[in-house]
Amino acid sequence: MGTLFKSELMSRCQLYLPPEAAYNCVAELGELGLAQFVDLNPDVSAFQRQFVGEVKRCEEMERKLRYVETEIVKEKIVIAEESEGNIPAPAPREIVELEASLTTIENNLREVNTNYVALRKNHLELSELKNMLKKTEVFLSENQLNLQELDENTRLLDDPSEREKELEEQNYSSMKFNLTGGVIDRARLLAFERMLWRVSMGNVFLKVADIDEQMEDPSTGDILYKAVFIIFFQGEALRSRVKKICEGFHAAVYPCPDSGVERREMMCGVDTRLSDLSTVLTQTTEHRHRLLVAAAASLRSSYVKVRKMKAVYHVLNMFSQRDGGRVLIGEAWLPTSDIPDIRAAVNTGAQTAGATIPPTIEKVPTTEEHPTFNRTNKYTAGFQSLIDAYGVNTYREVNPSVYTIATFPFLFAVMFGDAGHGVIMLVAALWMIIKEKSLETKRDISEIFNIFFGGRYIIFLMSVFSIYTGLIYNDVFSKSVNIFGSHWSSKNLTFTASENSPLMLASPRMLDPKDINMY
């Protein structure tokens, strides 16, 4: 109980580790979580340290993992959760295999995504072309137009028989109407029409029809609202102007044959290509889904391995080299009572690495201020975090978190004091306590849930005290209830007014604690 009321005794120690076993030894110390290392190279920049290359490799692997996780989240695939305690830091020889595996996954995903975006872009263009041909065919068939036979003297709604007679007598090859068709965003349609009218001075005829089919952006997946436009004009001068205006408004222009037979043939070809492209898109999507499902199965474990590996190399960058790099020397603050366990962990790491020289741990006398280490468990950790939020006690000072285990929940209950709401808090706290093993791996899904889960035992005590004070206050769900009845009696407070003892409203009538008949 001594360590519960005061912080642990700490010792500053020097660690002498052989270079071939340094990684394994620090990894074992990391699993214990009992060492606070001191940087022996404070004047050396982060880019000049011995293991900066390994740290960069770990950061690159983290970037690849974040990319893979982003793609998995987009597909709404469930990621298997893993507990950090069950996954040890990988051996140095496993780094190459892990790096190669992540590189392969990233390259495959990028290649599939690039192909998928290209296929969707092609599908979008074919869908726009199909809608343009369909709308053009409907419009021209309604007006009975044959664009090969139109000229500048022909009105759009002339009788076809009269037109045929005129065409037999004249040659209008140089004066026929030109047609430009394409697809544009609906939001730009009004400005597009106004610009065409101003540039051509009213010498164009524009026909517009909305596309009812839902379309998606190939890159972002956003919904696109498009419209088909058909422009009729004469002359090569207007052709170049119309083309520039379409480019300026990012309108997609597609070829539109003048003959109805050619348009129908093109539409049949477009339908065939769309059908084939849909099959390829389905297969690509299934292949991408399989890649992401396989990556999701090991994503969390890979994250834990890379982060532990990166933490080990960060600590090794705090060590200094001696004897030409034949030994690495580091310093750390260690709990005095745990030094034997730490020595055993370091020796285990050296044996795993196959080192011939055993590591050494020696105490170093120092007058520096010692760090504060309060040993906690899952019950006291929440209360200790609550106290540390206000300030960490100095070395070997009395730890106030022990007293807050009783005072904080009770003072909360004095303020809260509701038995009904206390029951709700109790149910929530018991659920988190009973399910804590399964919820431990999911605590990071939300910052708010992480806070509540970390303080589940605080909530449990607060709910118990709230039920107690709520019963004392006779308060359940903010409703006053008389659960225990009243034990106050007013029989001795009766008063009869008379001439000798008139009723005085200002005269106080007090309860007498000494009078047992009043209670």
Side-chain angles (χ1 to χ4, degrees), residues 30-31 33 58-59 61-89 102 105 109 220-222 289 292-311 314 374 376-392 401 404-405 408-409 411-413 415-416 418 420-467 477:
E31 297 296 337
C58 293
E59 291 177 347
M61 285 189 280
E62 278 188 312
R63 182 197 63 78
K64 294 175 181 177
L65 286 170
R66 286 194 298 270
Y67 170 74
V68 174
E69 185 178 17
T70 302
E71 296 299 320
I72 292 173
V73 171
K74 284 181 182 178
E75 291 295 319
K76 299 180 180 179
I77 298 174
V78 179
I79 300 175
E81 299 292 338
E82 294 283 349
S83 177
E84 293 188 10
N86 300 330
I87 304 173
L102 293 177
I105 294 174
L109 275 178
T220 62
D222 297 334
H289 186 77
L292 292 176
V293 168
S298 60
L299 181 69
R300 291 296 179 224
S301 60
S302 298
Y303 257 127
V304 173
K305 289 179 181 179
V306 172
R307 286 170 178 169
K308 285 188 175 182
M309 191 190 315
K310 183 180 176 182
H314 267 302
N374 295 305
T376 60
N377 51 38
K378 64 180 181 180
Y379 181 79
T380 60
F383 295 96
Q384 188 64 55
S385 299
L386 190 66
I387 295 300
D388 291 343
Y390 292 94
V392 180
S401 65
T404 59
I405 294 176
F408 181 81
L411 291 177
F412 169 83
M415 175 271 300
F416 191 70
D418 191 302
H421 292 102
V423 171
I424 296 176
M425 291 173 58
L426 179 63
V427 172
L430 286 176
W431 174 73
M432 288 188 288
I433 292 172
I434 295 172
K435 299 286 187 179
E436 63 181 12
K437 289 186 178 180
S438 59
L439 294 175
E440 182 70 33
T441 57
K442 303 176 183 177
R443 63 185 302 173
D444 293 330
I445 59 175
S446 170
E447 184 179 357
I448 297 298
F449 178 75
N450 192 14
I451 295 173
F452 280 117
F453 184 76
R456 58 193 181 278
Y457 289 100
I458 301 179
I459 299 174
F460 172 75
L461 285 182
M462 289 193 303
S463 63
V464 172
F465 281 113
S466 295
I467 295 172
F477 291 116

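Since this is a predicted model, take the numbers as computed values, not measurements. Just so you know, residue 1 is the first one in the sequence shown, and it goes up from there.
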The test is side chain to side chain contact (heavy atoms under 4.5 Å, CB included); show your working for Met432 and Ile459 and say whether it passes. CA-CA 10 Å; Met432 288 188 288; Ile459 299 174; 4.1 Å; yes

Shortest non-hydrogen contact from [X] toward [Y]:
X      : Y      : value
Gln384 : Ser401 : OE1-OG, 2.8 Å
Met309 : Cys58  : SD-SG, 3.7 Å
Ser463 : Met425 : CB-CB, 3.6 Å
Ala296 : Val78  : CB-O, 3.9 Å

Within-4.5 Å side-chain heavy-atom neighbours: [X] and [Y]:
X      : Y      : answer
Phe453 : Glu436 : yes
Val73  : Glu69  : yes
Val68  : Leu65  : no
Leu292 : Lys74  : no

Ser385 side chain to Asp388 side chain, donor-acceptor N/O pair below 3.5 angstrom: no

Excluding sequence neighbours, so at least two apart, what forms ring pair (Phe, Tyr, Trp, His ring centres under 6.0 Å) with Phe477? His421

Parallel, tilted or perpendicular: rings of Phe383 and Tyr379 (30°, 60°): tilted

Across all chains, not counting sequence neighbours, the side chain to side chain contact (heavy atoms under 4.5 Å, CB included) partners of Ser298 are Ser301, Ser302

With sequence neighbours left out, what residues match Glu62 under salt bridge (Lys or Arg N to Asp or Glu O under 4.0 Å)? Arg307, Lys310

